[in-house]
Amino acid sequence: MTVHPNITGVVLAGGRGARMGGVDKGLVRLDGKPLVEHVLQRLQPQVPDIIISANRNHDTYARYGFAVVSDENTSDDNSYAGPLAGILSALTHATTDYIVTVPCDAPRLPTDLAARLLLQLQRDH
């Protein structure tokens, strides 16, 4: 697997889990470990740095050794802005030119996702 030095991985774990009764999906267990752990294991070899976007359970997510950022509230009424708010927060913290975002509940994401997306980006430019 190739590490792509100009891409930061972003794990989106900031959802409310409304369809799951408010459960933090990233911490739901699959095969004995939280979903976020599966995602991190697949993403970490692809990028030099990872940011976890989470709005709760910061201490739990921080135990993985990556920066944990919350949504920056940009609205006056404190309404939930969805995953785009997590992406915006990650963009403000990333130090690379690119980010690759993945959901916390995709335990079997491709182990070459960053490479495939970068290749497509290069083809398009």
Side-chain angles (χ1 to χ4, degrees):
M1 226 173 299
T2 304
V3 174
H4 299 282
N6 206 20
I7 303 174
T8 297
V10 177
V11 179
L12 298 174
R16 297 181 297 184
R19 290 184 296 268
M20 294 182 66
V23 172
D24 189 331
K25 289 187 288 185
L27 303 179
V28 169
R29 296 181 93 64
L30 173 70
D31 296 333
K33 59 186 175 184
L35 286 171
V36 71
E37 243 178 81
H38 292 276
V39 172
L40 291 169
Q41 285 179 334
R42 288 186 171 242
L43 185 60
Q44 188 172 9
Q46 301 181 54
V47 294
D49 194 24
I50 292 176
I51 296 170
I52 299 174
S53 170
N55 292 314
R56 53 191 169 149
N57 299 307
H58 280 224
D59 291 340
T60 302
Y61 285 114
R63 289 184 197 135
Y64 293 104
F66 303 106
V68 179
V69 300
S70 293
D71 294 354
E72 295 175 12
N73 187 1
T74 57
S75 66
D76 292 331
D77 63 359
N78 292 330
S79 62
Y80 177 66
L84 288 178
I87 293 169
L88 176 61
S89 291
L91 281 169
T92 64
H93 289 87
T95 59
T96 56
D97 289 337
Y98 302 102
I99 64 169
V100 58
T101 59
V102 296
C104 66
D105 59 350
R108 293 179 176 86
L109 65 95
T111 56
D112 64 345
L113 179 64
R116 289 169 41 191
L117 291 172
L118 184 60
L119 179 63
Q120 190 61 48
L121 179 67
Q122 291 167 340
R123 285 183 183 157
D124 289 347
H125 284 104

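Small disclaimer: the values here were computed from a predicted structure and weren't measured.
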The reported gap from CG in N57 to CZ in R63 (rounded to nearest 0.5 angstrom) is 9.0 Å

Quick check for you: to the nearest 0.5 Å, what is the distance between H93 atom NE2 and L88 atom CG?
10.0 Å

Are [X] and [Y] side-chain neighbours, meaning at least one heavy-atom pair lies under 4.5 Å?
X    : Y   : answer
L27  : Y61 : yes
V28  : V23 : yes
V100 : V10 : no
C104 : L35 : no

Show me the pairs that pass salt bridge (Lys or Arg N to Asp or Glu O under 4.0 Å) and involve residues 116-125, at least two apart or across chains.
D112-R116

Mind jotting down which residue pairs meet the salt bridge (Lys or Arg N to Asp or Glu O under 4.0 Å) criterion with at least one end in residues 97-111? Sequence neighbours excluded, please.
K25-D105, D31-R108

Grouping I, L, V, M, F, W and Y whenever their side-chain heavy atoms are under 4.5 Å apart, do [X] and [Y] come out in a common cluster?
X   : Y    : answer
V68 : V47  : yes
V39 : L117 : yes
L84 : L91  : yes
L12 : L109 : no

List in chain and number order the residues that pass side chain to side chain donor-acceptor pair (under 3.5 Å) with E37, two or more places apart in sequence or in another chain; answer none if no residue qualifies.
Y64

So, using side chain to side chain donor-acceptor pair (under 3.5 Å) as the criterion, who are the partners of S70 when residues are at least two apart?
H58

Are the side chain of [X] and the backbone of [Y] linked by a donor-acceptor contact shorter than 3.5 Å?
X   : Y    : result
H4  : A114 : no
Q46 : L113 : yes
D71 : S89  : no

Using a distance-only test with no angle check, is there a side-chain donor-acceptor pair under 3.5 angstrom linking T8 and T96?
yes

Exercise: identify the closest heavy-atom pair between [X] and [Y]:
X   : Y    : result
I7  : I99  : CG2-C, 4.1 Å
P45 : Q41  : CD-O, 3.2 Å
Y98 : L121 : CE2-CD2, 3.3 Å
L30 : P107 : CD2-CG, 3.7 Å
P48 : P5   : CG-O, 3.6 Å
I51 : A94  : CD1-N, 3.8 Å

Considering only Ile, Leu, Val, Met, Phe, Trp and Tyr, and joining two whenever side-chain heavy atoms are under 4.5 Å apart, list the other residues clustered with L119.
none

Audit row: I52, V69, side chain to side chain contact (heavy atoms under 4.5 Å, CB included) steps and yes/no:
CA-CA 6 Å; I52 299 174; V69 300; over 6 Å; no

Verdict with supporting geometry, L40 and F66, side chain to side chain contact (heavy atoms under 4.5 Å, CB included):
CA-CA 10 Å; L40 291 169; F66 303 106; 3.9 Å; yes

Mind checking what makes side chain to side chain contact (heavy atoms under 4.5 Å, CB included) contact with T111, not counting sequence neighbours?
M1, R42

